[in-house]
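For reference, the structure is listed below as structure tokens.
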Amino acid sequence: MPPLPTLSTPVTEWVASVRELTQADAVYWVEGSDAEYGNFIDQLQRSGELQKLNDAYYPNCFLARSHPSDVARVEHLTFVCTAKQEDAGPNNNWMAPAEARAKMRGLFSGCMKGRTLYVVPYCMGPIDSSYSRCGVEITDSAYVVINMILMTRAGRIALERISREGKFVKGLHSTGELDPNRRFVMHFPEDLAIESFGSGYGGNALLGKKCHALRIASYQARNEGWLAEHMLIVGLTSPHGQTQYVAAAFPSACGKTNLAMLIPPESMPGWTVTTVGDDIAWLHPGADGRLYAINPEAGYFGVVPGTNRKTNRNAFEMIQRDTLFTNVALTADNQPWWEGLDAGSPVIDWQGRPYEPGNGPAAQPNSRFTVAAKRNPSYAPEADSPRGVPISAIIFGGRRRGVTPLVYEARDWNHGVLVGASVASETTAAAIGQAGVLRRDPMAMKPFAGYNYGDYWSHWFAIGQKLKNPPKIYHVNWFRRSDDGEFLWPGFGENLRVLDWILKRCSGQAAANESAIGNLPRPGDLNLDGLDVAEAALDELLSINVGEWRAEAADMARYLDEFGERTPAQLRAQVAALQQRLG
Ligand code: OXD
Ligand code: MN
């Protein structure tokens with residue numbers, strides 16, 4: 001497309017300077033049309049980067065395989081480069097901006113020789129929403145381009161908005177040589193800029209997602225008075241026809257996509273669940289004192305293994321067509337295959353080798369689907385509303401074998417900030433490193449908060465001050481296990497029983513027991529019709545062990561010390577009050 005040079009001088013100037021640095025052979029401006037998407041798919045098939053899947057079962061679906069060392073986010077190589085180290089905080093790796101820029105200059109210098117430089121203008125959020133923010137990603141990967149087209153509102157419409165606003169996040173990406181020793185994801189929040197080199201993996205390379213919509217946006221949100229959070233947004237309509245929206249934060253690969261697309265159990269007829277977003281929420285105080293959410297994304301980049309008709313029927317149906325698969329296995333008749341799929345069997349593993357059980361899982365545990373959100377059978381049209389949706393409840397959660405009950409309710413917003421800050425979870429395959437290790441992951445933002453957590457919590461308290469009608473705040477744990485390792489709660493669609501209680505609490509229609517950590521339902525407060533959970537399991541799920549919680553609170557107090565003077569006094573006071581209630 002013609003690059004609209006007269007409309008977008010700041011973009012064209014930046015593109016020209018990057019071309020000079022990278023020595024790209026050609027420059028291509030992404031327009032965002034369906035025909036163009038098709039051309040990219042053809043090109044990637046010709047180059048062997050995409051393989052067409054069985055068209056009879058998976059129409060318009062393709063498989064990409066990444067380098068085996070490039071399958072997840074690289075938190076240890078991800079940096080926040082603020083002028084002052086304290087502004088990035090102990091929660092981020094930090095490098096001085098000048099040093100980081102020089103290092104990246106060295107890597108980008110001449111790196112696109114013989115390659116095409118693609119310019120992807122994109123808008124995070126509905127194109128006509130004042131809450132949305134734009135960016136431009138420059139990349140030398142056509143795979144990244146097609147993912148960005150599915151995940152954002154990309155192309156001409158975004159460039160037009162940028163031309164009007166003049167402000168955009170600059171994201172520069174090259175896959176380089178995929179050498180893990182020459183791989184960095186650098187953020188310059190003070191300059192609204194991102195530089196990512198040496199990885200083609202989603203979270204490192206699709207710069208609109210984690211890099212922009214969370215790390216840079218969280219920083220921007222603090223300056224502008226809103227929140228950028230690692231949260232799904234779901235609409236729940238009760239059998240009485242009342243619709244309420246809930247935002248929920250869980251660490252990566254803890255079931256956000258499943259909760260966002262929940263299928264009500266048969267024993268709870270009359271409920272409708274719709275998806276506004278599955279990973280990121282931008283939350284703004286509204287004029288009426290409520291909190292409003294938009295989903296900045298337009299597609300899903302979800303974990304494939306475990307997806308089936310029972311765990312997530314909507315996602316399963318959604319990825320039967322028009323989907324990009326990355327790092328799944330293949331059946332003999334060229335259908336995608338992954339662990340947890342209840343049909344077929346793998347013959348080729350995710351690395352393209354004949355499948356051998358001794359080589360580990362057939363599909364990479366962090367293998368992904370990329371698909372436009374509109375393909376979701378439960379897509380909420382409100383996802384395109386420029387005003388966003390009003391949030392009744394915020395839910396935090398983690399993957400924990402013990403300690404945290406199935407659900408509890410914060411006493412008020414300020415206590416809720418502690419509840420969110422206390423999220424801890426066992427690590428998953430979404431990031432490189434050992435899975436299954438318990439780590440603190442406040443608000444599920446550990447890998448994504450673009451500034452010092454101490455300042456971030458202060459900002460949460462400040463947002464609470466602006467809300468006359470704040471959402472109620474909850475904590476859930478779907479992953480609690482018995483002493484012999486069995487999950488105590490069935491999870492998936494049955495989680496609606498917990499959401500039902502939460503929504504009734506929000507409208508003053510359900511009771512709870514006050515406890516030291518917050519309000520818990522009694523077994524009789526949950527709708528358990530048609531659910532087979534042993535009484536003893538329920539008692540365990542809905543009770544707290546004071547000894548364990550004293551240890552938890554002491555650990556939290558120690559954790560907050562890591563942030564020194566930046567830890568808000570209010571948060572310390574919340575921990576002290578919790579300790580006092582625990583006795
Ligand atoms: C994701 C993640 O990809 O959290 O959403 O890692
Ligand atoms: Mn995520």
Side-chain angles (χ1 to χ4, degrees), residues 64 66 70-78 91 124 143-144 147-148 150-152 185 187 194 196 199-218 227-234 247-261 275-283 293 295-307 312 315 319 323-328 338 363-371 373 376 395-399 420 423 425-435 439 441-450:
S66 71
D70 187 32
V71 294
R73 285 183 291 97
V74 282
E75 293 179 10
H76 60 299
L77 303 175
T78 298
N91 47 305
M124 300 310 291
Y143 165 82
V144 166
N147 276 272
M148 284 294 286
L150 292 173
M151 295 296 298
T152 70
V185 187
H187 301 75
I194 306 155
S196 168
S199 168
Y201 172 75
N204 308 323
L206 312 181
L207 301 185
K209 192 173 179 64
K210 303 301 187 181
C211 301
H212 178 163
L214 287 175
R215 296 195 193 95
I216 297 290
S218 60
L227 294 167
E229 298 297 325
H230 192 203
M231 292 179 179
L232 66 92
I233 309 160
V234 66
F250 299 88
S252 308
C254 285
K256 280 205 301 298
T257 304
N258 291 343
L259 190 63
M261 299 180 186
T275 317
V276 179
D278 83 325
D279 194 41
I280 300 177
W282 285 358
L283 303 159
N295 170 14
E297 301 190 279
Y300 309 123
F301 180 69
V303 177
V304 184
T307 306
N312 189 339
I319 61 177
T323 301
L324 301 177
F325 290 90
T326 301
N327 290 340
V328 294
W338 53 87
Q364 215 288 329
N366 192 36
S367 50
R368 297 280 176 148
F369 55 75
T370 319
V371 62
N376 173 7
I395 303 176
F396 293 108
R399 180 186 286 271
V423 169
S425 193
E426 291 147 24
T427 50
T428 66
I432 299 273
Q434 200 186 344
R439 74 164 178 180
D441 192 349
M443 279 80 171
M445 283 285 279
K446 166 73 187 74
F448 308 122

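Order of listing sets the numbers, starting from 1, for every ligand and every atom in it. Side chains included, hydrogens not; waters and symmetry mates left out as well; all remaining heavy atoms used.
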If you measure only the distance, is there a donor-acceptor pair under 3.5 Å linking the side chains of Y143 and T326? yes
Applying a 4.0 Å heavy-atom criterion (strictly less than), which segment of F250 is in contact with ligand 1: side chain, backbone, both, or neither? neither
Atoms of protein origin (N, O or S) under 2.8 Å from the Mn ion (ligand 2): K210 NZ, H230 NE2, D279 OD1
Residue-ligand contact K210/ligand 1, heavy atom below 4.0 Å: yes
For the atom pair CG (N258) and CG (D278), what is the distance rounded to the nearest 0.5 Å? 10.0 Å
Using a strict cut-off of 4.0 Å, indicate which atoms of ligand 1 neighbour a heavy atom of F448. 4 (O)
Ring-face cation of K256 near F250 (centre distance under 6.0 Å, axis angle within 45°): no
Between S199 and D70, does any side-chain donor sit less than 3.5 Å from a side-chain acceptor? yes
What I want to check is whether the side chains of N376 and T275 have a donor and an acceptor closer together than 3.5 Å. yes
Minimum side-chain heavy-atom gap V328-F369 below 4.5 Å: no
Give me the residue, atom name and distance of the protein heavy atom closest to atom 6 (O) of ligand 1. R73 NE, 2.9 Å
Ignoring hydrogens and geometry beyond distance, is a side-chain donor-acceptor pair present between R215 and T78 at under 3.5 Å? no
Under 3.5 Å between any N/O of S252 and any N/O of ligand 1: does that happen in this structure? yes
Please list, in number order, the atoms of ligand 1 under 4.0 Å from a heavy atom of D279. 5 (O)
Under a 3.5 Å threshold, yes or no: a donor from one side chain and an acceptor from the other, between N204 and S196? no
Polar contacts were defined as any N/O atom of the residue lying under 3.5 Å from an N/O atom of the ligand; does this apply to K209 and ligand 1? no
Considering only heavy atoms from C-beta outward, does the side chain of T257 approach that of Y300 to under 4.5 Å? no
Using a strict cut-off of 4.0 Å, indicate which atoms of ligand 1 neighbour a heavy atom of H230. 4 (O)
Which of the atoms of ligand 1 are close to A430, meaning less than 4.0 Å from one of its heavy atoms? 6 (O)
Sub-4.5 Å side-chain heavy-atom contact between V185 and L77: no
Atoms of ligand 1 under 4.0 Å from any heavy atom of R368, numbered from 1 in the order shown, are 1 (C), 3 (O), 6 (O)
On a heavy-atom basis, the closest approach of W282 and A213 is NE1-O, 2.8 Å
